[in-house]
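Predicted model only: the values in this text are computed from it and were never measured. First the proteins, then the strands, lettered A, B, ... as listed; each starts at 1.
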Amino acid sequence: MSLKPEDFFKNVISHCKEYGYIFQSSEIYDGLSAVYDYGQNGVELKKNIRDYWWKAMVQLHENIVGIDAAIFMHPTTWKASGHVDAFNDPLIDNKDSKKRYRADVLIEEHVAKIEDKINKEVEKAKKRFESFDEAMFRSTNGRVVEYQTKINDINNRFKAALNAGNLEEVKQLIIDCEIVCPISGTRNWTDVRQFNLMFSTQVGSVSEDSNTIYLRPETAQGIFVNYSNVQKTGRMKIPFGIAQTGKAFRNEIVARQFIFRMREFEQMEMQFFVKPGTENEWYDYWKNNRLKWHLSLGLGDKNYRYHDHLKLAHYAKAACDIEFQFPFGFKELEGIHSRSDFDLMQHEQFSGKKLQYFDTDDNKSYVPYVVETSVGLDRLFLSIISSALREETLEGGETRTVLGLPPALAPIKAGVFPLIKRDGLPELAEKIVADLKLDYLVIYDEKDAVGKRYRRQDAIGTPYCITVDHQSLEDHTVTLRERDSMQQVRVNLTDLNRILDEKVSLKSLLRTLI
RNA sequence: GCGGAAGUAGCUCAAUUGGUAGAGCUCUAGCCUUCCAAGCUAGAGGUUGCGGGUUCGAGACCCGUCUUCCGCUCCA
């Protein structure tokens with residue numbers, strides 16, 4: 001593909017729209033930013049990806065079960081998880097440099113500078129006096145006391161402002177401290193805005209107070225709060241996992257790049273509960289296992305890489321991403337995190353319920369450690385569709401647009417065509433459709449020349465086309481045309497089911513994982 | 001949120017300095033008959049993203065707004 005990545009990405013987006021994969025949300029009302037709808041083909045591809053993940057996780061692992069937790073959860077869940085506190089950043093922009101800062105960070109840095117000044121005074125004094133009482137110096141030296149008072153004032157004002165949710169006061173504090181933008185050097189600041197990661201809504205009648213609940217920003221907490229339910233009712237023995245797919249919602253500051261970062265998106269997560277001390281080996285196991293799953297899609301091994309996190313989130317002991325080479329560069333596709341016992345401990349503390357596991361081998365109880373695998377279904381969708389789309393130049397200079405989807409994931413498994421629209425060919429084709437549709441989503445098409453029908457199916461990624469001709473009426477054979485090679489073979493009607501089963505069923509993909 | 005670019009039929013794009021909104025593909029009905037986007041006939045599809053303004057007249061110029069793409073920023 002000689003197109004620039006930027007233009008190629010535009011092609012992907014318009015192809016998605018043109019062929020019923022993805023539409024912008026509420027398009028007739030000018031759209032809704034960073035929200036997208038899946039069309040008639042998109043919903044099938046997405047469902048197939050989800051099924052493949054689910055079967056690879058739940059069906060192929062005897063010690064993994066699934067759940068489907070509600071999107072609404074008790075508000076305390078998000079206090080326990082850290083989402084309420086950790087994601088309420090006050091933000092401020094410098095109008096000259098166009099740079100955005102966290103207001104709290106600006107103030108903290110300012111305070112740190114004053115502290116530096118104090119330390120310098122202390123150092124100077126240390127050199128000057130033989131016997132030096134640092135505590136005494138700090139509490140009596142005029143300049144140091146002045147600095148310290150300033151720091152205390154700033155901290156007090158800042159805390160009070162944050163607690164009161166008074167963002168104007170935060171801005172005033174930045175102005176009063178004469179904080180300048182490190183880039184532009186100016187004090188030309190915008191107002192401070194609070195950015196909330198979580199969407200909130202009200203339960204019960206509208207006017208009742210303090211019934212605010214959140215739309216979950218991750219599905220994982222639904223698993224953690226059900227840990228005990230599943231462990232007990234499923235008689236699960238550690239190590240075991242709980243899988244879940246579902247919608248999550250994040251109020252991203254900038255949500256862009258098509259379906260890569262959306263405000264409403266679907267996660268596929270699996271939380272694996274292990275004995276403390278064994279988390280590292282399980283972390284490695286899932287790191288390998290998940291990459292193997294991705295590679296099985298056949299999108300090209302060089303399109304994937306690991307990215308180990310150096311800076312870790314508050315709950316994590318180790319974390320890595322599996323990144324994929326999207327049209328706009330390598331970006332996170334899946335995260336594998338060693339979450340320690342952080343989440344279950346937090347929920348124990350906030351709920352007052354024991355979330356422990358009695359290990360019969362050791363004859364003792366403990367809170368299990370967790371290794372998480374978390375993949376974005378929409379990102380996976382984008383990785384697949386963007387690497388599948390290609391434009392080929394055929395002999396004779398014609399071009400054809402092909403969506404080379406993994407056959408097992410393709411929305412429509414086969415197109416069934418009568419070569420011409422008479423002589424009983426449509427009837428036989430309809431009969432084939434009636435038979436195949438019990439197992440697969442197939443499509444009947446009799447409009448236009450057969451070559452055109454082949455191309456139509458190529459563009460939506462249908463892996464096989466079955467064409468009925470006059471010979472079919474005599475010997476019950478049809479031509480089976482393969483999408484990528486455009487090769488045709490003559491096969492018996494009675495073999496169709498077996499051949500499709502081999503080529504396009506999820507089973508064929510799942511087998512590569514074992 | 002800031003800066004840049006863009007928005008015309010389902011898709012890809014035209015439309016002279018401001019002067020009747022068009023083509024190809026797609027789609028629908030029919031003819032023809034046929035293994036790789038064939039041909040013919042007829043038809044559908046538009047308040048030029050939306051709202052104001054300037055003008056005798058706006059797709060074009062001005063203002064606002066929405067959406068998308070790119071860059072910055074943020075990202076459990």
Give the C-alpha distance, both sets of side-chain angles, the deciding distance and a yes or no for side chain to side chain contact (heavy atoms under 4.5 Å, CB included) between A:Gln346 and A:Asp343.
CA-CA 5 Å; A:Gln346 286 289 106; A:Asp343 298 279; 5.7 Å; no
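The partner of B:rU16 cannot be assigned: no Watson-Crick or G-U wobble pair with both contacts below 3.5 Å exists in any strand. Across every strand in view, B:rG46 sits unpaired, with no contact that passes the Watson-Crick or G-U test at under 3.5 angstrom. In this structure, B:rU73 makes no Watson-Crick or G-U wobble pair, since no nucleotide meets both defining distances under 3.5 angstrom. Taking a pair to require two hydrogen-bonding distances under 3.5 Å in either a Watson-Crick or a G-U wobble arrangement, B:rC36 remains unpaired. Judged by Watson-Crick or G-U wobble contacts below 3.5 Å, the nucleotide B:rC11 has B:rG24 as its partner.
No salt bridge links A:Asp445 with A:Arg453; every basic N to acidic carboxylate O contact stays at or beyond 4.0 Å. Taking the charged nitrogens against the carboxylate oxygens, A:Arg339 and A:Glu269 have no contact shorter than 4.0 Å, which rules out a salt bridge.
Distance noted for atom P between B:rG18 and B:rA58: 13 Å (whole Å). If you take atom C1' in B:rC11 and the same atom in B:rC70, they sit 23 Å apart, rounded to whole Å. Comparing B:rC27 with B:rU17, their C1' atoms are spaced 38 Å from each other, to the whole Å. Taking the P atom of each, B:rA5 and B:rA42 are spaced 45 Å apart, rounded to whole Å.
Interatomic distance, A:Asn289 CG to A:Trp282 CH2, rounded to the nearest 0.5 Å: 9.5 Å.
Contact check of residues 16-24 of chain A against RNA chain B (heavy atom, cut-off under 4.0 Å) returns A:Lys17, A:Glu18, A:Gln24.
Across all strands shown, A:Gln267 has heavy atoms under 4.0 Å from base atoms, whether or not it also approaches the sugar-phosphate. Within the 4.0 angstrom heavy-atom criterion, base atoms lie near A:Asp469.
Residue A:Ser14 places no side-chain atom within donor-acceptor reach of the base of B:rC11, judged by atom type and a 3.5 Å distance cut-off alone. Checked by distance alone, A:Arg261 brings a side-chain donor or acceptor within 3.5 Å of a matching partner on the base of B:rC75. Within 3.5 Å, no donor on the side chain of A:Arg481 pairs with an acceptor on the base of B:rC35, nor the reverse.
The shortest side-chain heavy-atom distance between A:Phe199 and A:Glu264 does not fall under the 4.5 Å cut-off.
A ring-ring contact (aromatic ring centres under 6.0 Å, His included) check over residues 450-482 of chain A, counting only residues at least two apart or in different chains, returns the pairs A:Phe417-A:Tyr454.
Between the CD atom of A:Gln488 and the P atom of B:rU34 there is a distance of 16 Å, rounded to whole Å. At whole-Å resolution of the value, CG in A:Leu333 and C1' in B:rC75 are 16 Å apart. What separates NE2 of A:His15 from P of B:rU26 is a distance of 15 Å, to the nearest Å.
Applying the side chain to side chain contact (heavy atoms under 4.5 Å, CB included) test between A:Tyr21 and each of A:Val43, A:Ile460, A:Ile259, A:Val12 identifies A:Ile460 as the sole match. Looking at A:Lys247, A:Arg216, A:Arg50 one by one, the single match for salt bridge (Lys or Arg N to Asp or Glu O under 4.0 Å) with A:Glu266 turns out to be A:Arg50.
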Contacts under 3.5 Å, N or O only, protein and nucleotides 27-32 of chain B:
residue, atom, partner, partner atom, Å
B:rC27, OP1, A:Arg456, NH1, 3.2

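Dashed line: the shortest gap from a side-chain N or O of A:Ser33 to OP1 or OP2 of B:rU68 is under 4.0 Å.
A tilted orientation is assigned to the rings of A:Tyr304 and A:His294, their planes being inclined by 30° to 60°. Note: A:Phe224 and A:His347 have tilted aromatic rings, judged against thresholds of 30 and 60 degrees for the angle between ring planes.
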